[in-house]
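Quick notes on the structure that follows.
Excluded from the calculations below are hydrogen atoms, water molecules and symmetry mates; all remaining heavy atoms, backbone and side chain alike, are included. Quick note: residue numbers are just sequence positions, from 1. All figures in this text were calculated on a predicted structure; none of them were measured in a lab. Both counts, for ligands and for their atoms, begin at 1 and track the order of listing.
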Amino acid sequence: MWCFIFLSFLFVAVNSEIASYQPEQVHIAYGDNVHEIVITWSTFSDPKQSIVEYGIGIGPLNQTVKGQSKIFVDGGRKKHTQYIHSVKLKNLAPRSIYVYHVGSDLGWSDEFWFRTPPVIERWQPTLAIFGDMGFENAQSLGRLQKDTHQGMYDAILHVGDFAYDMDTNDGEIGDAFMRQIEPIAAYVPYMTCTGNHEEKYNFSHYKRRFNMPGDSESLMFSFNMGPLHIISITTEVYYFLNYGFKSLVNQYEWLENDLKEATDPKNRTERPWIVVMGHRPMYCSNSDPADCAHNETRTRVGIPFFHIFGLEKLFYDHKVDVLIWAHEHSYERLWPIYDFKIFNGSYQHPYVNPGAPIHIVTGSAGCDENHSHFDNSPPYWSAFRSTDYGYTRMKAYNKTHLYFEQVSDDQQGAVIDQFWIVQNKRV
Ligand SMILES: *[C@@H]1O[C@H](CO)[C@@H](O)[C@H](O)[C@H]1NC(C)=O
Ligand SMILES: *[C@@H]1O[C@H](CO)[C@@H](O)[C@H](O)[C@H]1NC(C)=O
Ligand SMILES: *[C@@H]1O[C@H](CO)[C@@H](O)[C@H](O)[C@H]1NC(C)=O
Ligand SMILES: *[C@@H]1O[C@H](CO)[C@@H](O)[C@H](O)[C@H]1NC(C)=O
Ligand SMILES: *[C@@H]1O[C@H](CO)[C@@H](O)[C@H](O)[C@H]1NC(C)=O
Ligand SMILES: *[C@@H]1O[C@H](CO)[C@@H](O)[C@H](O)[C@H]1NC(C)=O
Ligand SMILES: *[C@@H]1O[C@H](CO)[C@@H](O)[C@H](O)[C@H]1NC(C)=O
Ligand SMILES: [Fe+2]
């Protein structure tokens with residue numbers, strides 16, 4: 001017995017002394033615009049340097065940028081520690097393939113690459129979109145990795161709920177998940193929002209592991225891709241009120257201002273499509289007890305009793321085109337809806353000048369909680385639904401035509417739903 005305790009002590013002591021400077025968990029995101037890329041990675045010891053060496057094409061990696069690292073200690077018992085490095089590359093040339101590696105004199109990563117967009121007017125950005133992808137049972141992972149290497153996507157939107165959970169096993173599941181998405185996230189900007197599974201320790205794993213534009217904690221931000229204005233919000237401030245009501249109010253005010261800027265006539269003409277992502281849906285027809293299956297979803301009508309800071313009216317008033325949610329481990333597309341009323345042009349495909357936001361719930365990329373199920377018959381506002389594992393693709397063809405399709409992993413990548421949104425008389 002004593003021997004065992006002594007040996008365990010010795011093992012821990014020795015183990016914690018093994019320094020590891022090898023970079024891992026490499027992932028990228030847009031910086032202040034699509035001509036900037038922020039590269040983030042982890043090391044378990046502190047190499048005291050955070051360097052990216054990069055170049056265009058197969059030439060030498062003859063450009064160098066330095067950044068900084070911050071120590072991140074998981075909130076669990078083991079105080080699992082890592083150094084999270086981030087470096088921003090600015091003024092990237094358009095329509096180029098950049099090759100890069102990250103690290104320090106003490107260790108370098110593999111080489112990765114990313115593409116920069118062409119001249120904005122001619123760009124047709126294509127994105128893969130999903131939520132609720134775990135470390136275990138990540139059904140869509142292989143297909144997303146392969147699609148990414150074939151150059152199908154300009155960016156990814158991961159609509160909350162990562163790893164299940166990033167803090168599990170003192171953060172080791174978070175590390176394993178970040179390694180597992182590296183074959184996607186080191187090649188295309190991996191843009192995120194928080195879900196309920198990130199709640200532990202006041203969302204610290206999410207805030208530290210991802211480096212999104214704007215707000216330094218990655219909780220709310222927006223970015224432009226060609227004709228798209230994409231907004232990422234956290235729905236969790238409506239549910240974990242224990243972390244403070246102020247964050248909810250801050251976000252509401254930030255969002256109101258962001259929508260005001262995005263809908264300024266000049267901006268809306270240049271970037272007519274406004275797409276919002278957040279984790280918990282306002283509507284869903286699933287059979288579980290989630291908030292979206294009730295009538296008065298917090299994000300829709302506001303916090304209980306007071307009914308203030310509801311978001312549906314804000315989105316409707318600013319003619320937001322698409323609202324993308326996850327949380328339910330299934331796929332559901334709605335007819336254009338506002339306050340339970342569906343709009344002219346409903347029951348009609350393609351959606352032509354729909355007049356209210358179109359909601360999509362896409363949380364079926366796979367996790368250890370498996371599928372969600374639906375109520376027996378779809379309500380009048382539900383246009384299409386499926387419990388297959390899978391993910392969504394979105395392509396902005398131009399300022400009037402936005403295309404979506406839903407990929408099924410259960411059916412070997414078959415497209416099970418596709419739809420166009422056509423807006424030709426907005427302004
Ligand atoms: C890097 O190398 C390429 C190819 O040799 C060259 O065209 C480019 O000018 C170099 N860039 C810098 C910053 O030295
Ligand atoms: C949680 O984090 C937010 C910022 O992300 C901060 O404003 C708030 O005070 C924190 N709450 C607690 C209880 O630590
Ligand atoms: C137009 O959008 C940009 C950012 O995308 C913003 O900085 C600017 O303030 C907006 N213009 C107006 C008049 O709101
Ligand atoms: C939700 O409330 C509205 C307005 O009170 C009502 O018309 C509608 O039937 C309700 N829907 C559900 C699903 O309960
Ligand atoms: C919807 O269409 C009907 C019939 O064409 C028309 O009478 C009605 O005013 C329209 N409603 C809206 C909100 O556009
Ligand atoms: C998910 O599916 C797996 C494999 O069928 C099963 O072993 C596991 O118990 C399921 N988990 C839940 C939460 O239903
Ligand atoms: C926009 O794209 C759609 C789909 O490819 C096409 O039918 C339409 O003509 C395009 N519009 C313009 C103005 O290029
Ligand atoms: Fe969730």
Without hydrogens or angle criteria, can the side chains of [X] and [Y] be said to hold a donor-acceptor pair below 3.5 Å?
X    : Y    : value
R393 : Y153 : yes
H229 : D258 : yes
N211 : S218 : no

Any idea which protein heavy atom is nearest [atom], and the distance to it?
atom                    : value
atom 7 (O) of ligand 7  : H401 NE2, 4.2 Å
atom 13 (C) of ligand 1 : Q63 CG, 3.9 Å
atom 5 (O) of ligand 7  : Y397 CD2, 3.5 Å

> Quick one: do D32 and K88 make a salt bridge, cutoff under 4.0 Å?
Replying inline: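 The answer is yes: the pair qualifies as a salt bridge.
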> Is any N, O or S atom of H197 under 2.8 Å away from the Fe ion (ligand 8)?
Replying inline: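 Given the 2.8 Å cut-off, H197 does not count as a ligand of the Fe ion (ligand 8).
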>> So that I can check it, does any N, O or S atom in D161 come closer than 2.8 Å to the Fe ion (ligand 8)?
In response: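 Looking at D161, which is the residue asked about, there is an N, O or S atom under 2.8 Å from the Fe ion (ligand 8).
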> Okay, side chain of D321, backbone of V275: is any donor-acceptor separation there less than 3.5 Å?
Replying inline: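 The answer is no, because no donor-acceptor pair under 3.5 Å joins these two groups.
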>> Keeping R280 on the side-chain end and Y238 on the backbone end, is there a donor-acceptor pair under 3.5 Å?
In response: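 Pair absent, no side-chain N/O of R280 close to backbone of Y238.
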>> Report the atom name of the nearest N/O/S atom of H327 relative to the Fe ion (ligand 8).
In response: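 Looking at H327, the N, O or S atom with the least distance to the Fe ion (ligand 8) is ND1.
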>> In the complex you have, is atom 11 (N) of ligand 7 within reach of the protein, judged by whether a heavy-atom distance drops under 4.0 Å?
In response: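 It does; a protein heavy atom is within 4.0 Å.
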>> Before you tell me yes or no, could you show the steps for F162 and F135 under ring-ring contact (aromatic ring centres under 6.0 Å, His included), namely the whole-Å CA-CA distance, both residues' side-chain angles and the distance that decides it to 0.1 Å?
In response: CA-CA 8 Å; F162 305 80; F135 167 62; over 10 Å; no
> To which of V422, N424, N398 does the heavy atom nearest atom 1 (C) of ligand 7 belong?
Replying inline: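 Checking each option, the heavy atom nearest atom 1 (C) of ligand 7 is found in N398.
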>> Under 4.0 Å from a heavy atom of N62: which atoms of ligand 1 are those, numbered in the order shown and with their elements?
In response: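 Within the 4.0 Å cut-off of N62, ligand 1 contributes 1 (C), 2 (O), 3 (C), 8 (C), 10 (C), 11 (N), 12 (C), 14 (O).
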> Given R300 and D291, is the salt bridge (Lys or Arg N to Asp or Glu O under 4.0 Å) satisfied, shown in steps?
Replying inline: CA-CA 10 Å; R300 194 174 77 76; D291 197 20; over 6 Å; no
> Has P60 got any heavy atom lying under 4.0 angstrom from an atom of ligand 1?
Replying inline: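 Right, P60 reaches ligand 1.
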> Quick one: angle N196 OD1 - the Fe ion (ligand 8) - H279 NE2, to the nearest 10°?
Replying inline: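 That angle is 90°.
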